[in-house]
Every structure is written in C-alpha cells, then in structure tokens.
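First up is the structure itself, then whatever we jot down about it.
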Amino acid sequence: MKRKNTAKDEDLENKMETLHPSEDEEESAKKPKGSKKTASTPLGEDGVLRPLKLSKGELYKAPTVEELNQLKEAESLFHCSLLKMQMEELLKEVALSERRKKQMDSFIQQITDLLKSVPETPVVELSDLSWLSESGIDVPFVLVSEESKGKFHMEPPDSVDMIGSYPLGTCIKPRVSVDLAVTIPASILHPMDSINQRYSRKRALYLAGLAQHLSTSPLVGPLHYSCLHGNRLRPLLLVTPSGKDSNSIVLRIHAIPPPDFLKPSRFHPQKNNIRTAWYTGQDAAQGSSEPPTPQYNSTVVGDHLPRSHLQFLSVHCDQCPAFRDGVALLKVWLRQRELDQGAGCFGGFLASMLLSYLLSTHKVGKSMNAYQLLRNALHFIASTDLTENGITLAKNPDSKAPSLPEFQTAFQVVFVDPSGHLNMCADMTACTYKRIQHEASLSLQFWDDPTLDGFQALLMTPKPMLRTYDNVYQLNDLVKMQAACKKLSLLSSLMDHSGNYVLAVLPFILSLLQRGLSDRIHLLAYSLPQDPEWSVYGEPPMHKDQPPVSIGLLLNPERALSVLERGPAADSPEAAEFRQLWGSRSELRRFQDGAITEAVLWSGSSTCQRRHVLLKIITHLLELHADIPKSCVRYVGGQMDDVIKVKEGRTGEEESLKVVQCFDDLSRKLWKLEGLPLSITSVQGAHPALRYTQVFPPVPVKLAYSYFDREKTCRALVPQKDKPCPYYITPIKVICHMEGSGKWPSDRLAIRHIKAAFHIRLGELLKQEHGYTCRPLPTHLDVWKDGLVFRIQVAYHREPQVLRESVTAEGMLIQRDNAEAQALELETQHKPFLTSTLHGLQQQQPCFSAVCRLAKRWLAAQFFSGDIIEEAADLLVASLFLQPAPFTPPSSPQVGLLRFLHLLSTFDWKNNPLVVNLNDKLIASDYTEIKNHFLASRESLPVMFIATPNDKNVSIWTKEGPSVQMLQRVVLVAAESLRVLEAQLINPNQKQDIRVVFRPPLEAYDVLIDLRPKQVPMLSRAVDPPNTTCHPGTLDGDAVSSGGAFPVVDFDPVKLYLSELRDAYGDLALFFNDPYGGTVIAVLWKPKAFQPQPFKTSLMKARRVDVTEDVAITVPNIEAIVQDFRIIGEGLVHKVELRTERWVV
Amino acid sequence: MAAPTKKNASSACVIPGGFTVLSLKFCSSSTVQHQLCVKEHRVRAETNTHRPLDRTLFILNVPPYCSQSVVKDLFSQFGPVQDVELREKPAVAEDKQPELSPYFTPAQKKCFKVAYVVFKHSSGVAAAKAHPYDSPLIVSTKEKPVDTGFKKWIHEYTQSFIKPELLQQAVDDFMSQYDKRKEEEVELQKKEAEEQQEDEEGWVKVTKGGKGIKSRPHSEGANQRALQKEHSKKKRKELLNFYSWQHRNSKKEHIAELRRKFEEDKQRIALLRAQRKFRPY
C-alpha cells in the first residue's frame, strides 16, 4: 500500500516537473487573453464592479507550489493580497519610465560636458562682480555684509558627479530632479574661507559663473536659482532643457568643495565660524567669547559629504533588494503630509538614511519587502524621540568628532551621518519632528485597523494643512519678525542663520506658543517655509516676501475652548514663571475650592465666542514676548460661524442644548402622567434639533398676539392675510411608544383611531396637570411649552407589522413589505434610534453639532437638501468623526466642513458603500459582509449607499435620493466649493467672502421663481440676510412656560408652495430651493417629459394636444404651466423669470 | 397658441380618439389656457351606480386649483350637475367606505386630475361636448372667486384645527362600529365552533370551513419557521470534520477562498488602474 503511494507521488512530481516549463509558456501565452477577459467582462463599460464568477474547475484545481507560496505570502506578509497589489501599482505609478531615464541621461551628459568646458577668468577681488555684469546674471546670495576679503576666479570644475536620489534609484515622480555635484577646484578656495561666509560666497559666485556659461548654450532653457531646504547659504542652479521637455526634467547643480578640503573638526557645533564684529560691522568688545554657530557649521560640513553619503547609501541599497521601493513608499507618505520640502523638512535623503540606519542596526531584515520596511520605519519614528535621544550612523567616529550629547545641546533633533561630523537634522525643529512622530503613530494605528482601507487613507490621500488641522493661524507680515529678533535678543541665532530672521525666530515662537497653549492642544505644527526659486537674472527674493507661515493646531476638545487658564498657587515658585509668561493678564484669583492661584481669564460666553480664545492667547503671547502686532496674525476660518449664526455671537450650541433640556423635561412629565388607559413605554426624540443637528435650532419665542387672527373653535392664532408671514415655529417631533397590549385592535384603521384617541387624552392630561396648550389631531398632538412646540406622535410597535399583513384568498396570512409600512417604521423606529445614537456621538465629540449644521447649511444653500435628506447628511458628517483616517476627528466647524466637501467630492460611490460605524457595533467581518452584499446587488441599491449597524443592506436614508444626476452635480459643486474655499482661506490677498460657496449658481436652471421676501418666514436665516432682521409676530423677552393661545405652527408658505408645485408638475420639472430663507425657486425642466407623446388618457397632465394628420400627440402646455406657477403661488410669487428657450417645443 | 385643428371658428374641437377639447382659463384676464379633454364616460363593464353611462362626462387634465365645487360650477352651464368625482388617475370607482369620518380620510394630492361629472340629464353631456374651443371656461369669476396661494394656505391652516370633542366623537363612532363588527365575528366563530361540536347523538357536522376562521392559524411566517426547524434538526445530526474527506474538502475550500479573493482583488486593481486611481497626487 505504502509503496504504491510513494510511487504515485513520485510519478506526480515527475509529471509536474515535466509540465512546468510548458506551463510557463502556456501561462505567458494565455496571459493577454486572460487579462482581456477580466477586463472586458466584470468591469463593464461604466466602470462598475460586478461580482466575479469563477468556474468550479478553476477554483478547485490542484494548486502549484508557487501559487501556494504566493497566496500564503500575500496573506501573511501583507494584510491581504489587495494591499500587495495596490502597493505594486503605486510603485509602478511613481517610478520613472525607461524612456524618461534615457532622455535624462543624455541631457545629463550634455550638461556635464558643458560644465567641464567653463572658460577660465582672471583673478579678481571677491567683491568685484564686474566679470559677471556683461551677461546680466546675478549672484544667488544676499550680501548681508558687503565687505569681504579674498580673491575669486572661474576655472573648470575638478569633477562633475551625480549625487542624491537619481543615481541611487530612489527618485520618484512627480518633480523628478537630478542632483549634479560640481566640485570647485581647490585653487579657487583658500583654507581660511570657512570663516565669515567667505566660502559660501565663493560657492555662490562659482554657481553664477556656471550659469553665465550655461546661458550661452542653445541646449539650455531658462535658468533659475533655488536653495537647498531653504538654506540661503546653499544656493542651487536649476537647469532645464530648452524646448518641449523643459517641464519634465530638472537638473539641480550643487557646487561643492573638493573632498577633505576643510577639516571637519573646525565645524564642531560648539565652535564659532562667523565673527560678531564682521557680521554687525562694529568692533566687538574684546574678550567676550564668540557664540557658537552650529547651523552655519553644519551647512559647510554638509557640502563636503554628498559623495560619501551616496556611497554609503548605495552599499545599503545593494544589500536590501526592497530598499528602493521602501524609500519610494516613505517618500510618498512624507509628500502626502507636506513634510518632504522646505526648510527643516524630512526629505527623501533623510528617508533613505533612516532606512539605512534601520538596516545597519538590524531593526529591519534585508529580505523584508517594501511594505514591511515602511511599517518598520514608521514604527521606529513613532517610538523614538530624536529630540531627546539622537541616533548616529557613525560606526567608529574619529576622536575629533563631536559626541551625541554635544550634538544634542546644539540642535533640537539629532541624526548623525556616517562620518560622525554632521547632524543631518540640523535645521529641523522639535515641532516638526513631533509632527512626524504624530503622523507615524496615527498611520500605524490606522493600518492596524482591519475595517479600514489603509492604503487609500495613508498613501493616497493628501493631507494639506487646512484640512488636517483644526485651527490654522497665519503669521502675515514676516518683516515684523525682525523686530521679534530684536525683542528676543537673538543676534547670535540670526548670525548663525546668516540673517534669515524667519528661521531664526520660528523655534522661539513655536516653543512660546507651545507653552502658552499647553494642554489645550494635542499638536502644534507649522508649514515649512518653501524653497524660493528665482531667475538667474534677478536678485534673490527677500525673506519678508516669503508666503506667510501657517501654524496649525490639533485641539484637545476638552480643554481647548476653556476661558480659564488656572496657574500655580500664588506662593509656589512656579508662580513667577507663570506671571512672566502671561504678563499683565495674570491675576490672583480665589477659586471655589478655596485655593488662591494665579489665573488668566479670557472672555467669551458662548461656544462661538470661545472659539476665539485661542486666537486671543496667540496674539497676546506674540505681542507680549515677540513684538508681533495683532494685525499680523490671521485666524483662518472664523468667518464660517456667521453662516449658522442664530443670534449675534451665538452659533446655536447653547440653543440646541436648551431644546434638549426642554424635551427632557417634557418626557419626564409624560412618564409621570396618570390616567392613561395604557402606559407609555418610551419617549424618544425624532427631530434633528434633539440630536443637535438642526441647522438653526428652534429658539423659544414670546408671541405678539395682536399680530394674529383668532381661530374661534380652538382659541388658536392664525396668520393674517394682509400681513407678512409670521415667524416660523418648528414643531419638534417626539415619538411616544405605548405599551403593547391585547386591547390594541389588529386593524389598521382601528389603530389609527385609537392613536387619535390617545392624542386627545394626552392633550387633556397635559392641559390639566401642567397647563400646556395643546392641539390634538388624528396624526399627532402639538404641545406649546416654554416657547417651543413639540409634536408628539403616539406609536404602537406592532403597527408596521399590521400594515404588512394581509390575508390571501386561501386564508393564508402573508406578510408583504409596502411603502406605507416602511415609512411608518422609518418615522417611529429608525429616526428615534438615529436621534439617540447621534445624541450620544455629540457627547463624545463636542464639535459634531457645529460641523453637521454647517455642512447641512451648505447642502441647503446649494439646493441639495431635497435630495440628500437631513438624516443622510447627519450620517455623512458622523462618518467624518467615526472614521477620520488619515486625519484625527475634526474639532472645529471649519475643518469639518472642508473634510465634508472633500468626502463628497472624492468618495467613489459607484464601487464603495460608506460604512458608518455608529456605536462601534460593526466588526471586520460585518464590513466584508456589507461589501459583498453591496457588490452582489449594486444595480438595485441606491446610488449613494450608506450602511449603519442597524441597516447593513438597504441604506434607508438614501433610498429616495439623490439620483445619479443629482449626485454627479453634488460631487461637482462640492469639488468646486472646496477649491474656492481653500484658495480663499490659504491666501490672505484674495477677496475674503466665504459666503461665495453658499451662493448657488443659477445659470443652469430654466425658470426662476422670485418670491416676495416678506412672505418668506425664514428670511433672517438666509445666506445673505437683509440688513434689518425682524421676527414678525414675536416680542422680545422670555417665553412663557405654559398656557396662552396656541401659536401658528409649521406655517411656511414656501414649503406649501413647493409641495403643491411638486405634486402638480413633478413629472415635468424639478424644483429647487434653499429652505433657510431662500427667496428664489429654481426650476429645471425634465428633458424626457418634453418629447412629444401620442395622446393617451393616462398621459394628459398639464399637456396640450396637437393634431397632425389624424394623429393626436401631446406636449407640455408650457405657457399655461408658467402661468400656473403664478396662480398657485398667489401672494408669494414676486415674478417668474424664464431663463432659457429650451422649453419651446 | 397653436390650437388643434379648427374647422370652424366657433364649433367644438374634436380630436382623434373622440375627445372634445375645451379651453380653460383661471380668470378672465389670464392670457393662456389649459386644455380639458372631455368625452362621455364609456367603459365596457361599469358596475358602479355612481357613474351612469349616459349621464357621465369624463374629463381629462383638470388643473390642481379646481376643487370639486369649482368643477361643479364650471359644468353647471351645460346642465344641472348631480355629482362630481375627482381622481388622480382614470380608474374604476371604488365602493366608498361610508363610515370613515373626514378627519381620517387621507389628503388628496394636488395634481392634475381626471373628473367624472354626473349630470342630472344626459343632455348636459352633449352640451359640454359641443362647446366651442374658443370660448374658454373661466375658473375664478367675480361672483365666485377661487382662492389660491397665500390666502388659500391660511384658509387651509385655519381649517386644520379640529375641535377635540368632534374628533373624539368621530373616534368613538368608528370604534363602536368596529367593536360591533368584531363582536359579530366572534359570534360567528362561536356559532361555527358550536356546529363542530358533537351533538347529543355523537354526530359532528362537517362544513366547508368557508370564511377561513379555522384556517387562519397557518400563516406564512409559521410555515417558514417550521421548515427552518426541520432544517436545523438535520444539520445537528451531521458530523463535521469527522471523515478524512471532510478535512480534505475544507482545505480545498480554503484555497478556493484565497483564490477567489485573489481574483476579486485583481479585478478591483484593474478597475482602479483603469481609473488612474494610483496617482498619489
């Protein structure tokens, strides 16, 4: 038996072996066929995923060893095979093509030859620039101190070498640049040149000389200067080819000294190489020691090392096959976070060095793949604080090299290069490093979340400043920083940064703000000053002409808006420090717990006002310590609050809370009612105001009785015909479930009557016991309480089921779903549930309310509130909070709105469900289940599919809309709004009017119906409200808590008009309106309805008949319809404006 | 306005299909008109007595601002009108449920409707059909103005108030009727149950069952539950991972699952690649 088996096995193996080569061939031959197949059948023409059907034979055939290995690898090394493939695709996308490489290589060769043929010039004084003046080329250097000794002449370079990412193979698209190092001949330099920027000047002059030579060549396009990482002492010459390739290739020419030209030990971070006397132009007091110039020193040392760095990196690169891909991924990751460019950035070079460090310390293995390298690098960054414990690549540094602690005292972030003399992170601030650390740990956290598409969130989503940080402040007038330098007495630092006062001051300002904001924020970040770029014929741009510095804050929602800064006890030693920080704002205060401490109190009674506390702190600190005036600091985005303003200085947080409190009181009173035939089992809110998401929460009102007529039977107020429409009072929907009991009838009509009886009875009881004025109706009961109206609807939990039941002819009881039952279920079960869930979310995320209301205000203003209903919008916003990746949950309304618009404009609704994990109820397997169901029945599902824990497969809130066309428009408008808004927020020179994005474009519509403003009850809520806002029918003062005549509730002529229009002409046209004070109704004809139809009795609505040759056809009777618009809206319509001629049939 | 074929300026306008086109204006100063298509009501089997075939006029395209009374006024000029019925779609008349009070009847949609106008005499139908196209009917006249817009909405708002006593009355009326019906049903059930009982001599009278009172308990849900129970019972008896072929199968399944996922992912990637979704910036 056994033998037989083995023989069989062997046989099989043999067969396999023989089969293998042929199989390979077959595979390669089959491949195009197979790929074609997959591309044509499942994808379809419209780019929608279809469920895949594999034949049984294909699924269950015997696996080959290779295939098994591949499958296993995908499962164990990557999260799943999808991620692996995604990574591969991404790397393919950013890699340089062979064609491009060839192009570049030839261009590099040409330029190298050109550079080697630079003509010699006679020796002149260093300050003599006459040899350059003929060509008009300027020197890329700010000559701060004119006087400088030394001689200079041009000479061909010793050598021209490629350095940096291109020869290493870690260069990625876009912005491909090749670094060329041109070695300055030793004869030009003098060993003492390192003092007082002389070397740097010669370097700049040499570059200018090269530029002069290159500018004569026809091969070269326009020349530019730039500088390396914003360091003005390290100018670069940017060379692009002439002709059409000029945008695709950039050569960056560095001028470097010959290796070992200057002794690195002279540039120890604690040594001085710029003399104060020379810098200030005054004779310094003798005897005082010169301050160290670490920044300058590392600049000069850094110029010596690029070649050895390249060597070092290429060794590692050859050891680890995935090194290049790992660096590429890390670079993409950094770029998406805007960390890879500018002064003090974590660029591609540092990324390569970091991976080398990990390799050399065996923190990563040589056989790891790119994804593992990326993860390990991020993990290392997240867990290692280079601001405290620097790392070094130097294996056995020479004795003169500075030690790590010495580096640590001179620099904020320490990462020493292989030579042991250079800190590669010299210009990085602690703030930037903290930001990188934050990003890394955030990314790891998201990557470990199985419910998330980590690839999409972390490598594909850009994180621009405005969308990342809760608050962004801009320091505008950079020239004021010069004053700050003086105030902070930063002469030595200024000298070290060779006059770049922005870079000199920034670290101090940042640490100042960090101290002042302390626990109010999680993270303080700033935009890295970008590398300037200027033409070789112009002077270098001034420091003050740089774009403003943006400071981004991630807020700690619990503390951020507090008005009180409680300091140490008055007699403690820290008190002096506290007083020093806050200056005159610090006062002694006695607190309720008896302690007397130093404290700072800011003003602000409402949330809206308190959102400005941070601005006050920042301006106060900057003014006090750095002499930067208030006018220089710009708070980006405070303007947004205006759009959802309820009263002056209030944006509705307090009003919402009041409504909820009032509801709680009502529900308590309902529970306590006695004398009901059945007891109440639950009282639940079902209105946006009760989950804090009503755009304009209801405000208690006091009625002006004289403004109204009286209704005789019920003593209620009714609007007068000749007066403007009274103030709109929103009924707040409350669902009141009654106990189930055998007494409930099982007939739908009977249930409705019983419910009506309950409404009457509840009304009577509330009137008797609490004196509330009530209005019972068959469908609901309105209660007038504390200046608000609650609309109580009694519900019976079995009613939807009763509506579904019917008896067939055979006497079988069947259940069939129908629209009526669904609507009832939505109203009495889903809405209350959503309301309580989102109410809970608001308790965790205090900013949810404001973001949601702002987002809904935008939707309404752009006429989308009819298609994306309240609940759907609430869920969309909730998803921003529940699944913020790659961001943190928004803590300010503005950043929330920006991300909302981004979500709307970029989410791939066609192929993905949006899963909103309310209450964290969904686990990973639920996600797959939802996704699979979604893919399987995509066609029959709503265009916009939102899944929640209670609604995995239906998407109840988007079932009715939006349609494909509307969603397309939403995406379009959202993208445009986002673009306009961000441009405005980031650029202080643009016209500042964020309301632009709240004004809908009206060009697209066929008919505009202008309404009379005084008949629009919510006029004061309009995006552009009139100057005089009055609330007709109300008085100032507090609302009465109970009793009084019943007010006019839910009377909105615009709403009534719209519903009549939609009822009558819904088949022919779409009607759009901003429900919050919009004075225009936009009408769009449906093109389909305008095709002539043969005469039919069922198709004769609002049409007219045309008879041609005994055939009657019908077309819409446009003139009559337009006139009907006026007739139906008598008294409300101001004018009807026909915009297009398209309707002429 | 391009009117349909008019043979004679002041004669009725008849289109193919047998309908006569009438024009309708909101008020005398209106400049444009809607077209009403009228025809005598004729269906093959009209069982409903509310719409006598010879006296009923069927009207298409009645604008939303024409209520029942307005239509009645409009067509009274052709002869005394007995009844007007407005419907959203042409359909057979339902038996009205007379016991439902107006508070509980659902509101009608305000759209273009069809109307069935029942004249007292059949001459009304003929007169309407002969009405010339160029003398339009006028909805809102000085004597009988029709409110629309703001005034109408205020009126409707005022009307929406119901005196609680009246509402209670309506509820009580309905419920007492309902109770009566229920009682009757119970009575019937009892009677049937009695009939099923053995009489003194031990005989049981077997009937057809008819009204389904006995057959009520078998509902769809119950049937399904029973099926499921059966199914799960079968499943419990099965042994899993007992035989070696079961082991083999589960391994096979695992690989097939991985393959399926791999293929799915590949497809996904192909789609994304097609959409250029891998450009990070």
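Naming convention: chains lettered A, B, ... in sequence-line order (proteins, then strands); numbering from 1 in each chain.
Heavy-atom distances place no part of Glu88(A) under 4.5 Å from chain B, backbone and side chain included. Interface remark: Tyr178(B) contributes side-chain atoms only to the contact with chain A (heavy atom separation under 4.5 Å). Contact annotation for Pro64(B): only side-chain heavy atoms (C-beta onward) come within less than 4.5 Å of a heavy atom of chain A. At a 4.5 Å heavy-atom cutoff, Thr928(A) makes no contact with chain B through either its backbone or its side chain. For Cys725(A), the parts lying under 4.5 angstrom from a heavy atom of chain B are both the backbone and the side chain. Residue Cys27(B): no heavy atom, backbone or side chain, is found under 4.5 Å from chain A. Residue contact with chain A, scored on non-hydrogen atoms closer than 4.5 Å, involves the side chain of Tyr65(B) exclusively. Residue contact with chain B, scored on non-hydrogen atoms closer than 4.5 Å, involves the backbone of Arg1103(A) exclusively. With a threshold of 4.5 angstrom between heavy atoms, Leu717(A) approaches chain B through N, CA, C or O but not through any side-chain atom.
In terms of heavy-atom pairs under 4.5 angstrom with chain B, the leader among Leu459(A), Asp1067(A), Val94(A), Asp747(A) is Asp747(A). Here Thr31(B) is the residue among Asp172(B), Thr31(B), Val62(B), Val146(B) with the most heavy-atom pairs under 4.5 Å with chain A. No other option in Ala1112(A), Gly1129(A), Pro719(A) has as many heavy-atom pairs under 4.5 Å with chain B as Pro719(A). By number of non-hydrogen pairs under 4.5 angstrom with chain B, the leading residue of Val1122(A), Val1049(A), Val1133(A), Asp722(A) is Val1049(A). Contact tally against chain B (heavy-atom pairs below 4.5 Å) for Glu711(A), Arg335(A), Glu764(A), Arg752(A): the top residue is Arg335(A). Interface remark: of the candidates Lys182(B), Met175(B), Lys151(B), His155(B), Met175(B) forms the most heavy-atom pairs closer than 4.5 Å to chain A.
With a 4.5 Å cut-off on side-chain heavy atoms, Phe758(A) and Val171(B) do not count as touching. Within the 4.5 Å cutoff, the side chain of Leu1132(A) has heavy atoms near those of the Trp153(B) side chain. In this structure, the side chains of Ile162(B) and Pro778(A) come closer than 4.5 Å at one or more pairs of heavy atoms. Taking 4.5 Å as the limit, some side-chain heavy atom of Phe104(B) sits within range of a side-chain heavy atom of His753(A).
Summarising the geometry, atom NZ belonging to Lys110(B) is positioned 7.0 Å from atom CG belonging to Leu1056(A); distances are rounded to the nearest 0.5 Å. Note: Ile814(A) CD1 to Asn223(B) CG = 12.0 Å, rounded to the nearest 0.5 Å. Note: Lys163(B) NZ to Ile760(A) CD1 = 13.5 Å, rounded to the nearest 0.5 Å. Expressed to the nearest 0.5 Å, how far CG of Leu167(B) lies from CG of Leu777(A) amounts to 7.5 Å. The line from CD1 of Ile1121(A) to NE2 of His34(B) is 6.5 Å long, rounded to the nearest 0.5 Å.
Considering every non-hydrogen atom in both Gln33(B) and Asn1117(A), the closest pair reads O-ND2, 2.9 Å. Nearest heavy atom pair, residue Val1048(A) against residue Tyr157(B), reads CA-OH, 3.2 Å.
Taking the centre of each ring, Tyr1057(A) and Phe150(B) stay at or above the 6.0 Å mark.
The closest donor-acceptor contact from the side chain of Thr148(B) to the backbone of Glu1130(A) lies at 3.5 Å or more, if one exists at all. Panel note: side chain Asn61(B), backbone Ala1102(A); a donor-acceptor pair is recorded below 3.5 Å. Checking side-chain atoms of Gln35(B) against main-chain N and O of Val1105(A) turns up a donor-acceptor pair under 3.5 Å.
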- Message: Would Phe1051(A) and Ile154(B) count as a side chain to side chain contact (heavy atoms under 4.5 Å, CB included) here? Give the steps.
- Response: CA-CA 9 Å; Phe1051(A) 180 72; Ile154(B) 290 181; 3.8 Å; yes

- Could you walk me through whether Leu60(B) and Phe1095(A) pass the side chain to side chain contact (heavy atoms under 4.5 Å, CB included) test, one step at a time? CA-CA 11 Å; Leu60(B) 282 174; Phe1095(A) 178 84; 3.9 Å; yes

- Can you list the steps and then say if Phe19(B) with Met1100(A) is a side chain to side chain contact (heavy atoms under 4.5 Å, CB included)? CA-CA 12 Å; Phe19(B) 281 91; Met1100(A) 190 50 210; over 6 Å; no

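Heavy-atom neighbours of Arg710(A) CZ from other residues, nucleotides or ligands within 6.0 Å: above the threshold of 12. Atom NZ of Lys723(A) sits in a crowded spot, with more than 12 heavy atoms from other residues, nucleotides or ligands closer than 6.0 Å.
With respect to Glu1060(A) and Lys152(B), a salt bridge is recorded, a charged nitrogen being found less than 4.0 Å from a carboxylate O.
Residues meeting the salt bridge (Lys or Arg N to Asp or Glu O under 4.0 Å) test with Lys1055(A), sequence neighbours left out: Asp1050(A). Here Arg1062(A) pairs with Leu1058(A), Phe1071(A) under the side-chain contact (heavy atoms from CB on, under 4.5 Å) rule; sequence neighbours left out.
Judged by a 6.0 Å distance limit and a 45° cone about the ring axis, Arg775(A) is positioned over the six-membered ring of Phe161(B).
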